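Only one structure is covered here, and it is reproduced in the block below.
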Amino acid sequence: MSKTMMFAATLSNAGRSTTRIPTARPATLRDAQRQPIDIFIENLSVDGFGMSTTTSLSRGERVSLQLAGIEPREARVVRRLGLSYGCEFVTPLDPRDLSLALDAGIVLNGQFTANDDATSRRDRQGHVSRLGQIGIMVSLNILLWSAIGVSIHAIL
């Protein structure tokens with residue numbers, strides 16, 4: 001394991017009372033005004049979750065996370081590093097709920113008709129798809145962690 005990866009792993013587990021389980025899945029968060037925010041969940045535990053988003057959130061901000069298989073859960077932002085955030089559930093998940101959330105698939109909502117192909121293609125021009133947004137967030141996180149690793153390597 002490289003020094004950068006070891007450092008990142010150390011940071012992600014520092015001060016944790018429970019182990020976070022890698023999830024790597026898109027999800028929707030809601031802010032205090034109940035507005036949807038596209039996120040990418042990186043890890044999940046009974047106490048909280050790590051995520052990435054292009055939306056700016058403040059430490060202490062209250063949010064709500066809807067996970068497939070369980071009811072929405074209130075959380076607060078406790079850590080921010082670039083586009084990565086750490087959130088703590090206000091009420092920890094029951095281990096059974098954690099298991100349900102990890103076992104559940106990604107839920108997609110939509111209304112589709114047979115003639116929507118041409119309209120859909122026209123509407124998508126100039127827009128980045130959700131998968132594209134996730135790819136950008138993941139790439140930016142890798143770039144950020146690489147820069148941190150290079151900086152630490154230069155210091156050492």
Side-chain angles (χ1 to χ4, degrees), residues 4-5 7-94 97-98 100-112 116 119-152:
T4 304
M5 290 176 65
F7 180 71
T10 301
L11 275 181
S12 69
N13 288 322
R16 304 258 189 267
S17 59
T18 57
T19 302
R20 297 230 171 153
I21 301 164
T23 57
R25 70 172 68 176
T28 301
L29 196 70
R30 296 210 178 258
D31 64 13
Q33 290 75 37
R34 307 296 302 153
Q35 294 300 310
I37 300 170
D38 290 333
I39 66 168
F40 184 78
I41 298 178
E42 297 166 353
N43 57 63
L44 183 65
S45 77
V46 293
D47 292 329
F49 58 99
M51 65 163 189
S52 299
T53 183
T54 56
T55 301
S56 181
L57 299 170
S58 302
R59 282 188 71 195
E61 188 170 340
R62 293 282 185 137
V63 294
S64 176
L65 176 66
Q66 173 68 58
L67 296 168
I70 63 172
E71 294 294 316
R73 298 299 173 130
E74 297 297 318
R76 66 182 178 87
V77 177
V78 295
R79 177 186 56 81
R80 178 182 182 177
L81 182 60
L83 300 174
S84 293
Y85 294 85
C87 297
E88 177 182 59
F89 291 118
V90 172
T91 303
L93 295 178
D94 180 274
D97 286 339
L98 176 64
L100 285 170
L102 292 170
D103 291 343
I106 298 169
V107 176
L108 299 175
N109 294 323
Q111 297 175 354
F112 306 99
D116 279 348
T119 305
S120 180
R121 254 184 267 117
R122 187 176 63 243
D123 290 344
R124 277 187 263 145
Q125 291 177 345
H127 297 286
V128 178
S129 70
R130 185 174 175 131
L131 186 58
Q133 291 173 351
I134 291 167
I136 291 168
M137 286 191 296
V138 170
S139 298
L140 288 173
N141 270 305
I142 290 169
L143 182 63
L144 176 65
W145 282 111
S146 297
I148 290 169
V150 168
S151 299
I152 290 173

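Residue indices begin at 1 and follow the sequence shown. Nothing here was measured: the structure is a model prediction, and the numbers come from that model.
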Check the pair L140, I136 against side chain to side chain contact (heavy atoms under 4.5 Å, CB included), reporting the backbone distance first and the verdict last. CA-CA 6 Å; L140 288 173; I136 291 168; 3.8 Å; yes

Could you report the tightest heavy-atom contact between M137 and I39, atom names first, then the distance? CE-C, 4.2 Å

Sequence-distant partners of P36, side-chain contact (heavy atoms from CB on, under 4.5 Å), two or more places apart: T28, R30

Please identify each residue that fulfils side-chain contact (heavy atoms from CB on, under 4.5 Å) with Q133, with sequence neighbours left out. D38, V128

When rounded to the nearest 0.5 angstrom, what is the spacing between OG1 in T91 and CG in D47? 11.0 Å

Kindly compute the distance separating CE (M51) from CZ (R25), expressed to the nearest 0.5 Å. 15.5 Å

Checking S45 now: which residues fulfil side chain to side chain donor-acceptor pair (under 3.5 Å) with it, not counting sequence neighbours? T18

Taking only distance into account, with no hydrogens and no angle test, what donor-acceptor pairs under 3.5 Å do side-chain atoms of residues 83-90 form with protein atoms, sequence neighbours excluded?
from, atom 1, to, atom 2, distance (Å)
S84, OG, N141, OD1, 2.4
Y85, OH, T55, O, 3.1
Y85, OH, L57, N, 3.0
Y85, OH, R80, NE, 3.2
E88, OE1, R76, NE, 3.4
E88, OE1, R76, NH2, 2.7

Write out all pairs satisfying salt bridge (Lys or Arg N to Asp or Glu O under 4.0 Å) with one or both partners inside residues 55-75, taking only residues at least two apart or from two chains. R73-D97

Check the pair L98, I21 against side chain to side chain contact (heavy atoms under 4.5 Å, CB included), reporting the backbone distance first and the verdict last. CA-CA 10 Å; L98 176 64; I21 301 164; 4.2 Å; yes

Quick one: closest heavy-atom pair of G82 and L144, and the distance? CA-CD2, 3.9 Å

Counterpart residues, side-chain contact (heavy atoms from CB on, under 4.5 Å), relative to P72 (two or more places apart): S64, Q66

Quick check: closest heavy atoms across A27 and L65, and the distance to 0.1 Å? CB-CD1, 4.3 Å

Check step by step if side chain to side chain contact (heavy atoms under 4.5 Å, CB included) holds for T53 and L29. CA-CA 10 Å; T53 183; L29 196 70; over 6 Å; no

Mind listing the closest non-hydrogen atom pair of N43 and G50 along with its distance? OD1-N, 2.9 Å

From L81 atom CG to I148 atom CD1, the distance as rounded to the nearest 0.5 Å: 4.5 Å

